[in-house]
2 protein chains.
Amino acid sequence: MVNRGVPEKREGTGEEAEISASQRGESRDYVLDEQVGFILRQVQQRHAALFTTRVGGDLTPTQWAVLAKLAEVGGMSQNLLGRQTAMDNVTIKGVVERLVKRGLLVTRRDPADPRRFSISLSPAGSAVYAERVGPAREVTRETLEPLDSEERDALLRLLSKLR
Amino acid sequence: MVNRGVPEKREGTGEEAEISASQRGESRDYVLDEQVGFILRQVQQRHAALFTTRVGGDLTPTQWAVLAKLAEVGGMSQNLLGRQTAMDNVTIKGVVERLVKRGLLVTRRDPADPRRFSISLSPAGSAVYAERVGPAREVTRETLEPLDSEERDALLRLLSKLR
DNA sequence: CGTTTACTGTTCGTATACGAACTAAAGCCG
DNA sequence: CGGCTTTAGTTCGTATACGAACAGTAAACG
């Protein structure tokens, strides 16, 4: 049903505004709703909404990722933490800053390398993690709820290939 | 106390981090890298990077979505456009605003309903769409490149269920 | 040893994304 | 008609996300 041949070609440039490209039929079928990037964005929006509902609006998915990673492997430098949680060094800085301000993280200068400082969970951070890891699992479960067990495995396998 | 045979490795940063929940074994296995939300975020990051490379940094995926939707179905109100492109009314406002400022969109008040105005592509907007729809297709192709044809269909089918 | 390169963290600017609260106008209904 | 609800669009505030450019230090290497 979907045209898969993909012969690339030609754009007529001199055109009138009101007649859309697809209406002229000159560009084969670029349907927004079928583009993987657009679908991905919507799935992530749904996930984020579930996260807010279940885990709570005072913790965002990115902030949770930081707490979870630190709970998982312990303290590490800010930049490494960013890499482990898929954030660039500007983003991780902001996230850490806000979590420190809320008392969930503690930072301390690394004596071996004065450029970096080690970041770890505070007792309050550990408590928040312990308290919300259940809801966080629920979010994962609910996100995948429309799929059966076999489909879930397949999806995670395929998505992981695209990371 | 649940002591499984899974040895949690410490990082060699030479510090005594808090004892993590997973190290205590009190929370069964919440591994960030296996959570669908975390994977989704990474896949979207990869897609966004490809988009910037291929389509160009002066157009974001969301801006492209607006152009593509308008090219597909023609003019419509701002809020409807937002719904069609999966943006809330605040986000779509900002996106439209920036595209109007760049001359890619035109707006005009709806005489039948003075609250709303109709948004459509300007000639310049149509030209930009025609010029970049090819690269945009490339982005979709490259994003899915790690998968074979069968896997791509499966992924899109599964993702669509989670929208 | 000193130079070059790489890494850590920073600030600045721009662009999504969304909750909350608001104005104004349309639609509905008794 | 008048009142209630819904919708279209706006403003404000906060939180990712990332490119670009920067300073300071570590590491590599000749």
Side-chain angles (χ1 to χ4, degrees), chain A residues 37-38 40-53 55-67 76-102 104 107-119, chain B residues 13 37-38 40-53 55-66 76-102 104 107-119:
Chain A
F38 186 63
L40 277 170
R41 187 155 64 85
Q42 291 175 85
V43 175
Q44 229 198 337
Q45 284 173 355
R46 176 165 163 273
H47 175 266
L50 286 171
F51 188 93
T52 299
T53 302
V55 177
D58 57 334
L59 273 183
T60 65
T62 29
Q63 290 171 353
W64 173 255
V66 165
L67 298 187
M76 66 188 85
S77 79
Q78 180 173 290
N79 275 13
L80 178 56
L81 180 58
R83 287 193 292 274
Q84 299 276 302
T85 53
M87 306 177 208
D88 67 23
N89 52 8
V90 183
T91 302
I92 190 64
K93 181 196 188 320
V95 175
V96 165
E97 199 171 65
R98 285 181 284 274
L99 291 175
V100 167
K101 190 181 299 178
R102 285 167 56 182
L104 303 185
T107 67
R108 118 190 117 65
R109 221 72 212 194
D110 184 338
D113 185 343
R115 292 174 307 172
R116 58 171 81 166
F117 42 87
S118 174
I119 300 175
Chain B
T13 48
F38 186 63
L40 277 171
R41 187 156 64 84
Q42 291 175 84
V43 175
Q44 228 198 340
Q45 285 174 352
R46 175 164 164 272
H47 175 266
L50 285 171
F51 188 94
T52 300
T53 302
V55 178
D58 57 335
L59 274 183
T60 64
T62 27
Q63 289 171 353
W64 174 254
V66 166
M76 67 188 84
S77 79
Q78 181 174 288
N79 275 12
L80 178 56
L81 180 58
R83 286 191 293 273
Q84 298 277 303
T85 53
M87 305 177 209
D88 66 24
N89 53 7
V90 182
T91 302
I92 189 64
K93 181 196 188 320
V95 175
V96 165
E97 198 172 66
R98 284 181 284 274
L99 290 174
V100 167
K101 189 181 299 178
R102 284 166 56 182
L104 302 185
T107 67
R108 117 189 114 64
R109 220 74 214 193
D110 184 338
D113 186 343
R115 292 175 307 170
R116 60 172 80 169
F117 42 88
S118 171
I119 300 176

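A note on names: the letters A, B, ... follow the listed sequences, proteins ahead of strands, and every chain is numbered from 1. As the structure is a prediction and not an experimental result, all values here were calculated from the model.
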Exercise. Which is true for Arg109(A) with a 4.0 Å heavy-atom rule: it touches a base, it touches only sugar-phosphate, or it touches nothing?
Worked result: nothing

Exercise. Mapping Ser118(B) and Gln44(A) onto DNA chain D by nearest heavy atom, which one lands closer to the 5' end?
Worked result: Ser118(B)

Problem set entry | Residues in salt bridge (charged side-chain N to carboxylate O under 4.0 Å, His left out) contact with Asp113(A), at least two apart in sequence or another chain | Arg115(A), Arg116(A)

For this session: Hey, which sits more toward the 5' end of DNA chain C by its nearest nucleotide, Val90(A) or Ala49(A)?
Result: Val90(A)

Problem set entry | Nearest-nucleotide comparison on DNA chain D, the residue closer to the 5′ end among Arg102(A) and Pro114(A) | Arg102(A)

Seminar exercise, completed: Contact span of DNA chain C against chain B, any nucleotide atom under 4.0 Å from a heavy atom, 5' to 3', runs dA15(C) to dA26(C)

Problem set entry | Residues in side-chain hydrogen bond (donor to acceptor under 3.5 Å, both in side chains) contact with Thr91(B), at least two apart in sequence or another chain | Asp88(B)

For this session: Using atom CZ of Arg108(B) as one end and atom P of dG9(D) as the other, report the distance to the nearest whole Å.
Result: 13 Å

For this session: Using both pair distances under 3.5 Å as the test, note the stems of at least 3 consecutive Watson-Crick or G-U pairs that include DNA chain C.
Result: C:1-30 with D:1-30

Seminar exercise, completed: In terms of heavy-atom contacts, Arg41(B) and Ala65(A) come closest through NH2-CB, 4.2 Å

For this session: Quick one, give me the B/S/- string for nucleotides 2-8 of chain D, reading 5' to 3', where B means a protein heavy atom under 4.0 Å from the base and S means that only happens at the primed atoms, P, OP1 or OP2.
Result: -----BB

Exercise. Does Gln45(A) have any side-chain hydrogen bond (donor to acceptor under 3.5 Å, both in side chains) partners at least two apart in sequence or in another chain, and if so, which?
Worked result: none

Problem set entry | Where Pro61(B) and Phe51(B) come nearest, the two heavy atoms and their spacing | N-CE2, 3.6 Å

For this session: Sequence neighbours left out, what passes side chain to side chain contact (heavy atoms under 4.5 Å, CB included) with Gln63(B)? Give chain and number order.
Result: Leu59(B), Thr60(B), Val95(B), Arg98(B), Leu99(B), Arg102(B)

Exercise. Yes or no on side chain to side chain contact (heavy atoms under 4.5 Å, CB included) for Val66(A) and Gln84(A), after CA distance, side-chain angles and deciding distance?
Worked result: CA-CA 9 Å; Val66(A) 165; Gln84(A) 299 276 302; over 6 Å; no

Problem set entry | side-chain hydrogen bond (donor to acceptor under 3.5 Å, both in side chains) involving Gln42(A) - partner list, sequence neighbours excluded | none

For this session: Only counting residues at least two apart or in another chain, list the ones meeting side-chain hydrogen bond (donor to acceptor under 3.5 Å, both in side chains) with Asn89(B).
Result: none

Exercise. Just checking Thr91(B): base, sugar-phosphate only, or nothing, at a heavy-atom cut-off of under 4.0 Å?
Worked result: base

Problem set entry | Pairs involving residues 77-87 of chain B, ordered by first then second residue, that meet salt bridge (Lys or Arg N to Asp or Glu O under 4.0 Å) (sequence neighbours left out) | none

Seminar exercise, completed: Residues at least two apart in sequence or cross-chain that pass side chain to side chain contact (heavy atoms under 4.5 Å, CB included) with Gln78(B), listed by chain then number, are Ile92(B), Lys93(B), Val96(B), Phe117(B), Ile119(B)

